[in-house]
Every structure is written in C-alpha cells, then in structure tokens.
Participant: 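What follows is a structure written as structure tokens; I'll ask about it next.
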Amino acid sequence: MENISKVWLGPLPADSPYVKPFRMYYVQNGVEKNWDLLKVHDSVAIILFNTTRQKLVLVRQFRPAVYHGVIASKEGSFDDVDLSAFPPSIGVTLELCAGIVDKSKSWKEIAREEMLEECGYDVSVERIEEVMKYRSGVGSSGARQEMYYCEVTDADKVNSGGGVEDELIEVVELSLDEGKRMVQQGAVNNSPPSCLMGLMWFFANKAPKNV
Ligand SMILES: Nc1nc(=O)c2ncn([C@@H]3O[C@H](COP(=O)(O)OP(=O)(O)O[C@H]4O[C@H](CO)[C@@H](O)[C@H](O)[C@H]4O)[C@@H](O)[C@H]3O)c2[nH]1
Ligand SMILES: [Mg+2]
C-alpha cells in the first residue's frame, strides 16, 4: 500500500508551507530563556462510527515523521536508508480521519471535507458533534487540534475515500471489539495519542453499552 522505493533527507526550504522553525525568547523569573519552535498548521480529527456496520472508521497511511522516528529510536542511519532493514511498513499508522486547517473555512467544514476525501462519507456539518479541543506538540509546536464525532451509515458512503491528489490513504473498519482491544493494550500500529484518546472517548460516551 505504501509503495516506497527510495528515502533520503534534505534541508528544509525556508518557504515550506507546512513547517516553519524559529526561536522564541522570553524572560521568566528574571532570567532570559529561549525555546526552539515549529509553526505548523492547526488540525481537525474525526471519530467516525458507521452505525449500519457497527464499525469504527479509521485511516492507514505512510507517515514520513513516524518512519524517521522509528529509525531514529533504533539508531539506524538516515544517510543511506536500507529499505530491507527498515521496511516502509514501519512508518504506517492507524489514525482517526484528520486534516490540517489550511483554508479559510470553518473547522467543522474542514472536518466534513476530510471525511469525504479520506473516508468517502458525505455528511452535512449539522451531523458533526464537537468532542474536545487540545494542544499537541507542547514542546515544539503547541498546535491546536479539535476532535469531532460523527455517526455515518452505508447510505452516506459516496466514494471509496483514499485522499485527494497524491495521498495514499487506506480506509480501515474496526469492529467494536478490535477498537476496545486497541485502547486496552495501547497502540501496536504507531497510532498517535489523538486516535487512542478518541477511541477511549467513544467507548466512554457512545459505544453500545454491551461492549
Ligand atoms: N503536514 C504536511 N507536511 C508536509 O511536508 C507535506 N507535504 C505535503 N503535504 C500534504 O498536505 C496534506 C496534509 O494532509 P491532511 O490535511 O489530511 O493532514 P494530516 O496529514 O492528516 O495531519 C493531521 O492529522 C494528524 C493526525 O491527527 C495530526 O498529527 C496532524 O497534526 C494533523 O495536521 C496532504 O495532502 C499532504 O500530502 C504535507 N503535509
Ligand atoms: Mg489526513
């Protein structure tokens, strides 16, 4: 699914539309300090539950940052990445449907578009419920993410999803038992905290009571 044939690193161009590194200075308790920061986009994430099929709808995709992180924690070299020693599948995550806020639209509208583009469900914004807001990357970016919940049915499914342009996203349906196991044992598939937290919120607030 990830179909990666070559990996290498390069310097960050100053005009990256996704990440801007800089340094912030401040005086705290009379002492001058500084902190190195990354400006990144805020984002939305959606807990999707298909009530027809009683399945949680998640997405799988190759995440360059996770691939790099896995190799870095194994002290592998990134100068000449050996794809047989570090297969791209180690950088594939299971996540909530999510997207960056990079357009001047409401956050709920962006959530609606991401559900359609990534998972193929077409719903109106009125059906999207706010769950919680939080800050991610508190040591590096402090970016805001807002989490939503949306119940969908098979009748809302208008395409197979998979993302836009050159995104390669696989839609994954988890049974309630599979979802529950994930939050009991922790991520076994590079899932970010937002995904685990979203599933825990679902089991605490929305899941059928017999699960
Ligand atoms: N981020 C980025 N960097 C690049 O260099 C970069 N280069 C190209 N792109 C393109 O930008 C689009 C980003 O996709 P999304 O809008 O779906 O956002 P996500 O990547 O799903 O990220 C969200 O959800 C995550 C899970 O909760 C959170 O961790 C993130 O904070 C949160 O933003 C894709 O078309 C991708 O091809 C880059 N995108
Ligand atoms: Mg996304």
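The analysis underlying the following values was restricted to heavy atoms, covering all of them including side chains, and did not include hydrogens, waters or symmetry mates. Both counts, for ligands and for their atoms, begin at 1 and track the order of listing. As the structure is a computational prediction, the values presented were derived from the model and not from experiment.
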Participant: Could you say whether the N/O atoms of Glu118 and ligand 1 ever approach to under 3.5 Å?
Facilitator: yes
Participant: If you measure every N or O of Ala98 against every N or O of ligand 1, does any of those distances drop under 3.5 Å?
Facilitator: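 Checking ligand 1 against Ala98, an N or O pair does fall under 3.5 Å apart.
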Participant: Between atom CE of Met147 and atom CE of Met132, what is the distance when rounded to the nearest 0.5 Å?
Facilitator: 5.5 Å
Participant: Return the closest protein heavy atom for atom 13 (C) of ligand 1 as residue, atom name and distance.
Facilitator: Ile100 CD1, 4.1 Å
Participant: How far is atom 20 (O) of ligand 1 from its nearest protein heavy atom, and which residue and atom is that?
Facilitator: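 Protein heavy atom at minimum distance: Arg63 NH1, 2.7 Å.
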Participant: Please report which non-hydrogen protein atom sits nearest to atom 15 (P) of ligand 1, along with the residue it belongs to and the distance in Å to one decimal place.
Facilitator: Gly99 CA, 3.6 Å
Participant: Would a 4.5 Å heavy-atom cut-off, applied to side chains only, mark Glu118 and Glu167 as touching?
Facilitator: yes
Participant: Does any N/O atom on Tyr18 come nearer than 3.5 Å to any N/O atom on ligand 1?
Facilitator: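 Among all N and O atoms of Tyr18, at least one is under 3.5 Å from an N or O of ligand 1.
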Participant: Regarding Ser84 and Asp82, do their side chains bring together a donor and an acceptor under 3.5 Å, going by distance alone?
Facilitator: yes
Participant: Do any N/O atoms on Gln145 end up under 3.5 angstrom from N/O atoms on ligand 1?
Facilitator: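 Right, the criterion is met.
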Participant: Can you find an N/O atom of Asp166 closer than 3.5 Å to an N/O atom of ligand 1?
Facilitator: no
Participant: Considering residues, nucleotides and ligands other than Met197, do more than 12 of their heavy atoms fall under 6.0 Å from its CE?
Facilitator: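 Count over threshold, so yes.
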Participant: Measuring from Arg112:CZ to Glu117:CD, what's the distance to the nearest 0.5 Å?
Facilitator: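 Rounded to the nearest 0.5 Å, the CZ-CD separation comes out at 9.5 Å.
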Participant: Determine whether the side chain, the backbone, both or neither of Glu165 has a heavy atom under 4.0 Å from any heavy atom of ligand 1.
Facilitator: neither
Participant: Would you say atom 27 (O) of ligand 1 touches the protein, meaning some protein heavy atom is under 4.0 Å from it?
Facilitator: yes
Participant: Counting neighbours of NZ on Lys39 that are heavy atoms of other residues, nucleotides or ligands and sit closer than 6.0 Å, is the number greater than 12?
Facilitator: no
Participant: What I want to know is whether Ala45 and ligand 1 share at least one N or O pair that is separated by under 3.5 angstrom.
Facilitator: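 Such a contact does not occur with ligand 1.
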Participant: Does Arg181 pair with Glu178 as a salt bridge, N-O distance under 4.0 Å?
Facilitator: no
Participant: Closest approach of Arg144 and Trp107, non-hydrogen atoms and distance?
Facilitator: NE-CH2, 3.4 Å
Participant: In terms of atom number and element, which parts of ligand 1 are under 4.0 angstrom from non-hydrogen atoms of Ser194?
Facilitator: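 In order of numbering, the contacting atoms are 27 (O).
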Participant: Work out whether the distance between some heavy atom of Pro192 and some atom of ligand 1 is less than 4.0 Å.
Facilitator: no
Participant: Can you find a pair of side-chain heavy atoms, one from Leu48 and one from Met115, that are under 4.5 Å apart?
Facilitator: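 Side-chain contact under 4.5 Å: yes.
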Participant: Please check if atom NZ in Lys20 has more than 12 non-hydrogen atoms from other residues, nucleotides or ligands closer than 6.0 Å.
Facilitator: yes
Participant: For atom 31 (O) of ligand 1, grab the closest protein heavy atom and report residue, atom and distance to one decimal in Å.
Facilitator: Ser43 OG, 3.8 Å
Participant: Out of curiosity, is Glu167 lining ligand 1, as in a heavy atom under 4.0 Å away?
Facilitator: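 For ligand 1, residue contact (heavy atoms, under 4.0 Å) with Glu167 is present.
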Participant: Take every heavy atom of His41, measure it against each atom of ligand 1, and state whether any distance is under 4.0 Å.
Facilitator: no
Participant: Can you sort out which atoms of ligand 1 are near Glu114, meaning under 4.0 Å from one of its heavy atoms?
Facilitator: 16 (O), 17 (O)
Participant: So, are Glu113 and Lys105 salt-bridged, with charged N and O less than 4.0 Å apart?
Facilitator: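 Salt bridge present between Glu113 and Lys105.
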Participant: No waters, cut-off 2.8 Å: how many protein N, O or S atoms are close to the Mg ion (ligand 2)?
Facilitator: 2
Participant: Regarding Gln145 and Tyr134, do their side chains bring together a donor and an acceptor under 3.5 Å, going by distance alone?
Facilitator: yes
Participant: Taking the six-membered ring for Trp, is the centroid-to-centroid distance between Phe49 and Tyr149 below 6.0 Å?
Facilitator: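 No: the rings miss the under 6.0 Å criterion.
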Participant: In sequence, state the C-alpha distance, the side-chain angles, and the governing distance for Asp122 and Val152, and then conclude on side chain to side chain contact (heavy atoms under 4.5 Å, CB included).
Facilitator: CA-CA 9 Å; Asp122 192 3; Val152 294; over 6 Å; no
